[in-house]
Amino acid sequence: MALTLAGLAAERPLGLRVLTGEDVLDRPIGWVHPTELTDPQAFLEGGELLLTTGLALDEETSPAYVRRLVDAGVAGLGFGVGLSHDEVPRALVATAAEVGLPVLEVPRKTPFIAITRAVSRAVAADEYATTVRIGRAQQELTRTAVGKGGPAGVLRKLAKLVDGWVLLLDLGGVEGAAPAVAQSYAGEVREELKLLRSGTRVFELDGHEVVLQTLPTRVRRALAVGTAEPLDTAGRHVVNTAVALLSLALEQDLRLTHAWRSLRTGLVDLLAEGRYELAFGVMTTVWGDPPEPPWALVALVGGPGQRRRVCDALEGEPGLFFAEKGSAVLVAGRSGGDVLDRALAAAASVGPMYAGLADPVPLENFAAGAEQADLAARAAEAEGKPLVTYAEHSARGLLSLIDPVVARIYGENLLAPLRRHDETGRGDLVESLRCWLEHHGHWDVAAARLGVHRHTLRNRITRAQELLGRDLDSPGVRAELWVALQT
């Protein structure tokens, strides 16, 4: 810890006497600077103990001199008596007391060099202690990172070393926290992260100083460190070490994770191709016996970060096989078991995801079952529901099997010529076509429903056929137009 004015004044051999500023003697002394200049501001950085004999000072010039020192941010003033002045000028003492500048009277017998040596020894000892603290902290963090602790262990160790809390965040949310209560700060920290593209940002949060620093990893991450007091030099070095170790560990984990997840996705492809023996052989070798068919298949739809974290949550779950398939995570387990409950629990732990269930699925129908689960999950996402089963989805009819966004775009493009015509006010072709198709091409019934003559309806349908460039006598064309009109 840096030497303070109080610590210096307590060194009896120096014989210093405190004249003012007794309540702020806890100020650390950055260095000592002796000078007889009446305006030494240009030569000061702040935090110094300034030493003077007052050679150019008197009762009139002392007040302005003191105020200049305060503006320069000095820690305090040591005034040597017995040379230029028998005592410290009263005006200097009064002004220093008024503005809160500590003044130490230095007796004639104490040379300034003795004070300089005392401060130098303290600064050297403080720097050595800082170096030792940094070295030990780096060793502890490194041992944790390369041992079984991994990134989570580094976070716990860092929180202990800085006596604070730590959050590791990525684009999807919180990736790690130490201690667990640090999770409560995640929302505010993520808002601050939006203002930081790279580098470091420091802000106040609930009485803590928070240092938010981005990590140089391929996946955008940031480390937030909150402490009751601002980090000192050693603390900043410790945080920088943790950032470097976390970046290395996470990049290694990322490469390994990508390899494992690519293997899982490859196994899904093998199962879809009907190469069950090869797929089961790899599963057995790597993870043990796969779940016994028939399977319940659950598709979980969410963002990239959510998919990654739900895979982490499912890792090691007995009796389950999971893999990323496109933009979803496919979970397989024995039909009739608790596959759905476990998949939903994993999804709930990482934020809102949407699930689709296909159950039961014989092994030979794996490809179709995976597609069914994915379609149901897309339906759940479109409707904002946590779960839709394929049985529920398929019961809604053919249109439920078409992606809503794709269907809408297709319908808009197909019917665009008719809608542009109707916008001119020259006839209602879209509604006429809808009514005609709805009544299976019966002219009289459709015309009556529309309230027009059948010849008027014939003219409208003929015009629609010309604009669409399609044969409306074709059942396939009629089916396409009917689907388009439903979107």
Side-chain angles (χ1 to χ4, degrees), residues 272 299-304 307 325-328 330 352-356 358 367-487:
L300 301 173
V301 174
R307 297 198 302 270
K325 177 175 167 47
S327 58
L330 185 66
M353 296 186 78
Y354 303 97
E371 188 65 27
Q372 291 169 1
D374 188 74
L375 283 171
R378 304 294 168 186
E381 182 180 29
E383 298 171 20
K385 297 175 63 175
L387 171 68
V388 169
T389 67
Y390 181 72
E392 175 189 356
H393 180 56
S394 60
R396 300 169 183 173
L398 178 63
L399 286 176
S400 68
L401 305 180
I402 303 175
D403 187 302
V405 176
V406 174
R408 186 177 67 252
I409 294 173
Y410 174 79
E412 289 175 352
N413 290 336
L414 182 57
L415 299 172
L418 305 187
R419 291 196 168 110
R420 285 196 296 268
H421 175 277
D422 290 349
E423 288 172 359
T424 66
R426 291 179 292 170
D428 194 351
L429 299 187
V430 172
E431 189 56 36
S432 297
L433 178 62
R434 185 194 308 275
C435 187
W436 182 68
L437 291 173
E438 188 176 45
H439 292 88
H440 312 292
H442 291 292
W443 299 105
D444 292 336
V445 177
R449 179 61 62 89
L450 289 169
V452 299
H453 195 276
R454 66 176 179 278
H455 293 313
T456 301
L457 179 58
R458 283 183 182 275
N459 290 335
R460 289 182 182 179
I461 298 304
T462 299
R463 183 57 177 154
Q465 182 171 259
E466 293 171 354
L467 290 173
L468 293 171
R470 291 172 177 251
D471 182 7
L472 296 187
D473 289 332
S474 168
V477 171
R478 291 190 182 188
E480 289 183 14
L481 289 170
W482 178 250
V483 170
L485 287 165
Q486 308 311 304
T487 60

Query raised in the report: For the atom pair OG (S474) and CD (E480), what is the distance rounded to the nearest 0.5 Å?
Result: 8.0 Å
Report task. With sequence neighbours excluded, tell me which residues meet salt bridge (Lys or Arg N to Asp or Glu O under 4.0 Å) with E466. Result -> R463
Query raised in the report: Any side-chain heavy-atom pair from L485 and V430 closer than 4.5 angstrom?
Result: yes
Query raised in the report: Mind checking what makes ring-ring contact (aromatic ring centres under 6.0 Å, His included) contact with H442, not counting sequence neighbours?
Result: none
Query raised in the report: For H455, what residues pass the ring-ring contact (aromatic ring centres under 6.0 Å, His included) criterion, not counting sequence neighbours?
Result: H453
Report summary line: Shortest non-hydrogen pair, L414 vs A484, comes out as CD2-CB, 3.8 Å
Report task. Nearest 0.5 Å please: distance from the CG atom of L457 over to the CH2 atom of W436. Result -> 8.5 Å
**Report entry** Atom of A373, atom of A358 and distance for their closest heavy-atom approach
**Finding:** N-CB, 3.9 Å
Query raised in the report: Are side-chain heavy atoms of R378 and V301 found at a separation under 4.5 Å?
Result: yes
Query raised in the report: Rounded to the nearest 0.5 Å, what separation is found between the CD1 atom of I461 and the OG1 atom of T456?
Result: 11.5 Å
Query raised in the report: What distance do L415 atom CG and R434 atom CZ have between them, rounded to the nearest 0.5 Å?
Result: 8.5 Å
Requested in this report: Flag the pair L467 / H421 as yes when at least one side-chain heavy-atom distance between them is below 4.5 Å, and no otherwise.
Outcome: yes
Requested in this report: For R478 and H440, work out which heavy atoms get closest and say how close.
Outcome: NH1-O, 4.1 Å
Report task. Please list, chain by chain and in numerical order, all residues satisfying salt bridge (Lys or Arg N to Asp or Glu O under 4.0 Å) with E438, sequence neighbours excluded. Result -> none
Report task. State which residues pass salt bridge (Lys or Arg N to Asp or Glu O under 4.0 Å) with R458; sequence neighbours excluded, sorted by chain then number. Result -> none
**Report entry** Heavy-atom pair with the smallest gap, counting every atom of Y354 and E381
**Finding:** CG-CA, 3.6 Å
Query raised in the report: Atom CG in L418, atom CZ in R460: separation rounded to 0.5 Å?
Result: 12.5 Å
Query - D471: partners by salt bridge (Lys or Arg N to Asp or Glu O under 4.0 Å), with sequence neighbours left out - result: none
Requested in this report: Please name the pair of heavy atoms, one in C435 and one in A446, separated by the smallest distance, quoted to 0.1 Å.
Outcome: SG-O, 3.7 Å
Query raised in the report: How far does CD of E371 sit from CG of L330, to the nearest 0.5 angstrom?
Result: 10.5 Å
Query raised in the report: Looking at E412 and R419, what are the two nearest heavy atoms and their distance?
Result: CA-NH1, 4.1 Å
Report task. Report yes if the side chains of D428 and L450 come closer than 4.5 Å at any heavy-atom pair, otherwise no. Result -> no
